[in-house]
Structure formats: structure tokens, C-alpha cells
Amino acid sequence: MDTGALRKTATDTPLDRAAILTWLREDDPSRLAELWRVADETRRRHVGNEVHLRGLIEFSNYCVRACGYCGLRAANREIERYRMSLDEILDCARKAEEYGYGTVVLQSGEDYGIHTDWMADVVARIKGETGLAVTLSLGERPDADLEVWRSAGADRYLLRFETSDDELYRLIHPDLPGRRSDRFAILRTLSRLGYEPGSGIMVGIPGQTWASVADDIDAFRDLDLDMIGVGPYIAHPATPLGDLSWARRIAPDEQIPSDELTVYKVVALTRLVCPEANIPSTTALATINKIDGRELGLQRGANIVMPNLTPPEYRLRYEIYPDKACVNETAEMCRGCLQGRIEAIGREVGSGPGGRRRA
Ligand code: SAM
Ligand code: SF4
């Protein structure tokens with residue numbers, strides 16, 4: 001292992017793809033301790049000690065898609081579907097402001113029951129009544145919708161590319177009839193429209209190789225992203241991928257694991273490749289290590305957490321994967337819990353919208 005490559009990164013010489021791949025496969029604890037240290041130091045120097053809170057409102061679990069990994073897929077008849085009303089969403093946004101969050105993230109399935117103008121009204125009302133930044137995450141909506149919502153005041157849009165391995169992506173994320181899915185093209189459109197785009201990947205998808213995750217991390221540096229979310233893939237029994245016989249066959253030693261150690265490596269390497277990015281310590285990570293997964297993510301490169309504002313009666317039904325962390329908490333409990341966790345590791349809760357910093 002060439003720790004020289006890592007040390008150079010600490011002075012901002014980018015890691016190349018070969019070094020990323022070597023570090024992903026590293027399992028020597030003392031070398032990993034060095035990776036965590038340099039990632040944490042890079043985070044501190046570039047985005048500081050503040051942890052920004054982005055309040056998540058999961059406002060609809062309807063979805064037209066057939067993603068092989070996600071419990072919200074249209075064919076899953078085991079979940080009760082819901083769409084929150086404008087007033088319910090505004091209540092959550094007001095709570096976000098009261099709690100001192102700088103941003104609300106409005107997330108849903110790809111739900112065309114959410115009409116373009118209704119969504120524009122939601123965005124305009126939040127922007128009119130609060131000082132919050134508004135992030136949208138509604139899947140692959142047409143460019144015209146993205147344009148209308150940007151004009152209504154939306155600041156950011158989150159769309160993970162999930163994996164840059166095209167063959168794997170096409171297998172696990174089927175196209176809608178007549179519309180080829182191209183999330184990289186949508187990310188470019190978002191930038192052109194003036195959004196701060198966010199993206200990311202799942203780690204440990206069955207059939208995903210170590211090499212393809214090195215490609216993903218390498219791809220982050222070219223995308224100029226506000227936020228880069230990396231979380232473990234968590235199997236959902238009511239999905240095709242929940243049955244491993246459905247997965248793409250690769251050699252066992254090529255399969256990247258979905259365990260927490262691998263996710264920390266991806267978080268740390270993402271920080272080194274994109275020192276200025278906002279990187280969340282994700283709920284999926286907190287789900288696979290409920291004790292201190294969030295804290296370890298924050299200590300290995302991350303600088304964002306996304307407290308959940310979704311009312312408890314809906315939270316249970318936004319079941320992307322089973323046993324999701326914090327599903328029985330109220331918004332107030334999430335706030336107190338996360339603030340405590342942030343302060344316990346010597347960090348401070350950020351103020352303001354916490355948007356993209358540029359060197
Ligand atoms: N529908 C929108 C979309 O797909 O972009 C936004 C909501 S979707 C539930 C948000 C993210 O959840 C996806 O980008 C994906 O990375 C993540 N996700 C879905 N199923 C997952 C699973 N089984 N394990 C981990 N993450 C998952
Ligand atoms: Fe729908 Fe998004 Fe889940 Fe795919 S990942 S099924 S688009 S909610």
C-alpha cells in the first residue's frame with residue numbers, strides 16, 4: 001500500500017483511480033486508521049467543524065418505477081401508499097425553521113400524481129414563508145418540471161446515479177416505457193438550470209464490483225456536486241434483488257461488500273477526491289450500525305446529517321429497506337438525538353443553509 005498517495009491527497013493532489021481501488025480493498029487496521037485521519041483532517045480544513053442539518057420530508061411513497069432494490073417500487077403491494085398535503089408539508093417546514101435547520105429536503109417516489117404546478121406551489125410557499133433552502137428529490141422528472149420548480153425557488157436537487165456500471169444500472173433500474181434512464185444527463189440539466197445538484201451511490205449492490213465503485217468515486221470529482229450521498233445497499237425482501245438468485249453473477253472476490261467498514265472507506269475516499277463537497281452520514285449507515293454509525297461516518301469524512309421531519313404515521317410506510325433507523329422517533333426526538341451525537345464527538349451544529357463551498 002502506497003501511503004504516499006494518501007499523504008499527497010492531504011495536500012490536495014487528487015488520488016487516481018488505481019489508488020482509490022487499492023484503498024477500497026485495504027484491510028490493514030493501522031492503514032485504515034491513517035485513511036480515517038486524513039479524511040477527517042481534509043473535512044475539517046475544507047468544510048470546517050460544523051455539521052449541517054438537512055431536514056428530510058418523505059412526502060409521498062407512490063412510485064411508478066420498478067427499481068430492483070427499493071421497497072417503494074410500484075409492484076410492491078405490501079405497503080400502504082400516502083401523499084402528504086400542502087399543509088402537512090408546510091407544518092414540517094415550519095418545524096425545520098423552528099429547530100434551526102437550514103434546509104428541507106422534499107423526497108418522494110417518482111410519483112406523477114404530484115403535479116408540476118402543485119409542487120411549484122409547495123416550493124414557493126416554503127420559500128415565501130421561511131428562510132430555508134429547498135432541496136428536491138423526486139426522481140427522473142421531465143426537464144420542464146425541473147425548470148418550473150427551479151423558477152419557483154428550489155435550490156438543489158438530489159438524484160443518485162446509484163452505480164456508474166451501466167450494465168448493472170440497467171439491470172436494477174429498468175427504464176420506463178419509451179424513456180431511457182440517463183441520470184448523468186439529468187445531473188447536467190440540473191446544473192444548467194442553476195440547481196446545486198446532489199448525487200451518490202449505494203455500496204454493496206449484488207453484482208457491484210470493487211472496480212466499479214472506484215469508478216464511481218472517480219466520477220464524483222467531475223460532476224461538481226453540492227452533496228454526495230453514499231450508503232450501504234440494504235436488502236428488502238419484497239424486491240427482486242432481495243432474492244440473490246436474481247442478481248448479476250460476478251466472481252465472489254469481485255463483489256464489494258455492503259458492510260459498514262466498506263461504506264466508511266467510500267465516505268473517506270469521497271472526501272479526499274471532493275474536499276469541498278457536502279457528504280452526509282446517511283440513515284442507511286445508521287441503520288446497519290445503530291449504535292454509532294452516524295458518528296463514525298462524521299469522523300471519517302462526512303459533514304451533514306438529515307434528521308427526519310416526516311410525521312410518524314407516514315415514516316413507517318416510507319420503507320425503502322427494512323428496519324430503517326429512527327423510524328419510530330418524532331421530529332423533535334430526531335433533533336435532540338442528532339444534536340447530542342454531534343456535540344458528543346466535539347463538533348457543532350451548523351447554522352444557515354450550508355450550501356456548496358468552493359475553493
Ligand atoms: N425516487 C427518488 C429516486 O429514486 O431518486 C428519491 C427517493 S429514493 C427512495 C432515494 C434513494 O434511496 C435512492 O437514490 C437509493 O440510493 C436509496 N435506496 C433505495 N433502495 C435502497 C436499498 N434497498 N438500500 C439502500 N438504499 C436504497
Ligand atoms: Fe421509486 Fe426511487 Fe425507490 Fe426507484 S429508488 S423505486 S425511483 S422511490
Side-chain angles (χ1 to χ4, degrees), residues 54 56-79 81-83 105-114 119 135-141 145-146 156-164 168-176 179 181-184 186-187 190 197-208 213 216 225 227-244 246-247 256-260 262-263 266 280 282-288 293 306 308 310 314-315 317-325:
R54 296 189 173 178
L56 179 63
I57 310 173
E58 297 156 329
F59 70 101
S60 161
N61 69 351
Y62 283 90
C63 188
V64 295
R65 290 264 169 194
C67 301
Y69 42 89
C70 176
L72 304 192
R73 65 200 308 275
N76 183 8
R77 307 262 174 255
E78 289 168 28
I79 50 168
R81 304 283 171 168
Y82 70 89
R83 248 177 232 123
V105 180
L106 295 167
Q107 193 181 80
S108 67
E110 197 166 311
D111 174 10
Y112 292 92
I114 296 166
M119 196 65 219
T135 302
L136 301 180
S137 178
L138 289 80
E140 298 171 39
R141 297 288 296 230
D145 290 0
L146 303 176
R156 310 188 187 116
Y157 201 98
L158 272 182
L159 187 72
R160 289 182 174 186
F161 60 80
E162 317 293 2
T163 169
S164 62
L168 177 63
Y169 179 71
R170 306 239 157 257
L171 177 69
I172 65 172
H173 185 86
D175 289 335
L176 289 180
R179 263 179 62 194
S181 170
D182 185 346
R183 290 193 164 193
F184 289 104
I186 299 173
L187 289 168
L190 290 166
S199 193
I201 60 165
M202 287 180 288
V203 178
I205 305 164
Q208 187 182 36
V213 173
D216 298 342
L225 299 167
M227 183 146 110
I228 305 175
V230 294
Y233 161 75
I234 301 173
H236 191 306
T239 61
L241 260 191
D243 171 4
L244 283 181
W246 189 84
I256 189 165
S258 58
D259 60 7
E260 57 176 314
T262 311
V263 175
V266 178
T282 59
T283 303
L285 180 56
T287 296
I288 61 169
M306 296 174 66
N308 202 323
T310 312
Y314 299 127
R315 261 186 217 207
R317 294 193 244 163
Y318 200 82
E319 199 196 49
I320 307 172
Y321 45 75
D323 198 25
K324 205 163 133 197

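In this text the structure is predicted, and so the values were computed from the model without any measurement. Start at 1 and go down the list; that is how both ligands and their atoms are numbered.
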Keeping the roles fixed (side chain from [X], backbone from [Y]), state whether a donor-acceptor pair exists under 3.5 Å.
{"X": "Ser199", "Y": "Phe161", "answer": "yes"}
{"X": "Thr287", "Y": "Thr283", "answer": "yes"}
{"X": "Arg179", "Y": "Glu140", "answer": "yes"}
{"X": "Tyr318", "Y": "Thr310", "answer": "no"}

Which is closest to [atom] by heavy-atom distance: [options]?
{"atom": "atom 5 (O) of ligand 1", "options": "Arg183, Lys324, Glu319", "answer": "Arg183"}
{"atom": "atom 25 (C) of ligand 1", "options": "Pro232, Ala284, Gly200", "answer": "Pro232"}
{"atom": "atom 22 (C) of ligand 1", "options": "Ile205, Thr287, Ile234, Leu136", "answer": "Ile234"}

Identify, by atom number and element, the atoms of ligand 1 in contact range of [X], meaning under 4.0 Å from any of its heavy atoms.
{"X": "Ser137", "result": "6 (C)"}
{"X": "Gln107", "result": "6 (C), 7 (C), 10 (C)"}
{"X": "Gly109", "result": "1 (N)"}
{"X": "Gly139", "result": "2 (C)"}

Hey, are [X] and [Y] close enough for a salt bridge, meaning a charged N less than 4.0 Å from a carboxylate O?
{"X": "Arg317", "Y": "Glu58", "result": "no"}
{"X": "Glu319", "Y": "Arg73", "result": "no"}
{"X": "Asp175", "Y": "Arg170", "result": "yes"}
{"X": "Glu110", "Y": "Arg141", "result": "no"}

Distance-only side-chain donor-acceptor flag, Asp111 / Ser108, under 3.5 Å: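 Ser108 and Asp111 do not have a side-chain donor-acceptor pair below 3.5 Å.
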Does the protein come close to [atom] - that is, does one of its heavy atoms sit below 4.0 Å from that atom?
{"atom": "atom 2 (Fe) of ligand 2", "value": "no"}
{"atom": "atom 11 (C) of ligand 1", "value": "no"}
{"atom": "atom 8 (S) of ligand 1", "value": "no"}

Minimum heavy-atom distance between [X] and [Y], given as atom pair plus value:
{"X": "Ser181", "Y": "Tyr169", "result": "OG-OH, 2.6 Å"}
{"X": "Pro206", "Y": "Leu244", "result": "CG-CD2, 3.6 Å"}
{"X": "Arg315", "Y": "Asn308", "result": "NH2-O, 2.8 Å"}

Looking only at protein heavy atoms, which one is nearest to [atom], and what is the separation?
{"atom": "atom 14 (O) of ligand 1", "answer": "Glu162 OE2, 2.6 Å"}
{"atom": "atom 20 (N) of ligand 1", "answer": "Ile320 CG2, 2.9 Å"}
{"atom": "atom 26 (N) of ligand 1", "answer": "Met202 SD, 3.5 Å"}
{"atom": "atom 17 (C) of ligand 1", "answer": "Arg160 NH1, 4.1 Å"}
{"atom": "atom 2 (C) of ligand 1", "answer": "Ser108 O, 3.5 Å"}

As an exercise, state the distance from OG of Ser137 to CZ of Arg160, rounded to the nearest 0.5 Å.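 The OG atom of Ser137 sits 9.0 Å away from the CZ atom of Arg160.
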Tyr233-Tyr69 aromatic ring centre distance below 6.0 Å: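 For Tyr233 and Tyr69, the ring centres are not under 6.0 Å apart.
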Cation over ring, Arg83 on Tyr62, under 6.0 Å and within 45°?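 Arg83 over Tyr62 ring: yes.
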Just distances here: any N/O of Tyr69 and N/O of ligand 1 closer than 3.5 Å?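 Right, the criterion is met.
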With heavy atoms under 4.0 Å as the rule, classify the contact between Phe161 and ligand 1 as side chain, backbone, both or neither.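 The answer is neither.
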Within less than 2.8 Å of atom 1 (Fe) of ligand 2, how many protein N/O/S atoms are there?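 For atom 1 (Fe) of ligand 2, protein nitrogen, oxygen or sulfur atoms under 2.8 Å: 1.
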Tyr69: numbered ligand 2 atoms lying under 4.0 Å from its heavy atoms: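 Those qualifying, in numeric order: 5 (S).
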